[in-house]
Amino acid sequence: MALLMKLLGKTERAESLIAVIESQRSPDGGFYASTVRELPTGFVLDTDPTKPRLYFRLSHLGAASWAALAERGFNPFTMTKGLP
C-alpha cells in the first residue's frame, strides 16, 4: 500500500505507511512477516486440511523486498517509478 500511495503521488500517506513498516524492523535489520506471533494465511496445510498455513513473526525476504520497493518508489511490474 505504501508503494501504491507513493506511485499515486500521495506522498504524505506513503511516508506515514513507510514509518509503520519501519517500526516492524527486526533486530537483524530485516522486516517481520507479521505483526503478531502467528497469522493465518487463508490457506490450509496440504498434510492436514484442518490446520491453517501460518505466517510467523520472523524476518522475511518478501517483507523486506516490498519495504525496499516502497521506500524507493519503484514499481516491479513496470520496472519504472510510475504506474502503467
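Because the structure is a prediction, the values reported are computed rather than measured.
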Notebook entry, point to check: Linking I/L/V/M/F/W/Y whenever any side-chain heavy atoms sit under 4.5 Å apart, do Leu45 and Leu54 land together?
Noted result: no

Check: Hey, quick one: are Phe74 and Phe77 part of the same hydrophobic cluster, counting side-chain heavy atoms closer than 4.5 Å, chains of contacts allowed?
Finding: yes

Notebook entry, point to check: So which heavy atom on Tyr55 is nearest to which on Ser34, and how close?
Noted result: CB-CB, 4.3 Å

Next item on the list: Give, for atom CD1 of Ile18 and atom CE of Met1, the distance between the pair rounded to the nearest 0.5 Å.
Entry: 13.0 Å

Next item on the list: Indicate the atoms forming the closest heavy-atom contact of Ile21 with Ala2, along with that distance.
Entry: CD1-CB, 3.9 Å

Check: What residues, two or more places apart in sequence or in another chain, satisfy salt bridge (charged side-chain N to carboxylate O under 4.0 Å, His left out) together with Arg13?
Finding: none

Next item on the list: Would you name the heavy atoms of Asp28 and Ser59 that are closest together and state the gap between them?
Entry: OD1-OG, 3.0 Å

Notebook entry, point to check: Do Trp66 and Leu8 share a hydrophobic cluster, counting only Ile, Leu, Val, Met, Phe, Trp and Tyr and linking them when any side-chain heavy atoms are less than 4.5 Å apart?
Noted result: yes

Check: Taking a hydrophobic cluster as the set of Ile, Leu, Val, Met, Phe, Trp and Tyr residues connected by side-chain heavy atoms closer than 4.5 Å, whether directly or through intermediates, do Met79 and Leu4 fall within one such cluster?
Finding: yes

Item checked: Atom of Ser26, atom of Phe31 and distance for their closest heavy-atom approach -> OG-N, 4.2 Å

Next item on the list: Would you give the length of the straight line joining atom CG of Leu69 to atom NZ of Lys81, rounded to the nearest 0.5 angstrom?
Entry: 11.0 Å

Item checked: Under the salt bridge (charged side-chain N to carboxylate O under 4.0 Å, His left out) test, residues paired with Glu71 that sit two or more places apart -> none

Margin query: On a heavy-atom basis, which atom in Val44 and which in Arg53 lie closest, and how many Å separate them?
Written below: O-NE, 3.2 Å

Note to self: Is there a side-chain contact between Glu15 and Lys6 in this structure, where contact means two heavy atoms from C-beta onward sitting under 4.5 Å apart?
What the structure shows: yes

Note to self: Could you measure the distance from the CD atom of Gln24 to the NE2 atom of His60? Nearest 0.5 Å is fine.
What the structure shows: 14.5 Å

Next item on the list: Working to the nearest 0.5 Å, report the span between CG of Leu7 and OG1 of Thr80.
Entry: 7.5 Å

Check: Looking at CG of Leu3 and CG of Leu83, how far apart are the two atoms once the value is rounded to the nearest 0.5 Å?
Finding: 8.0 Å

Next item on the list: Output all residues satisfying side chain to side chain contact (heavy atoms under 4.5 Å, CB included) with Pro27, sequence neighbours left out; order by chain, then residue number.
Entry: Tyr32

Next item on the list: Over all heavy atoms of both residues, which pair between Asn75 and Pro84 is shortest? Give the atoms and the distance, please.
Entry: ND2-CD, 4.3 Å

Margin query: So for atom CD, which belongs to Glu12, do other residues, nucleotides or ligands contribute more than 12 heavy atoms lying within a distance under 6.0 Å?
Written below: no

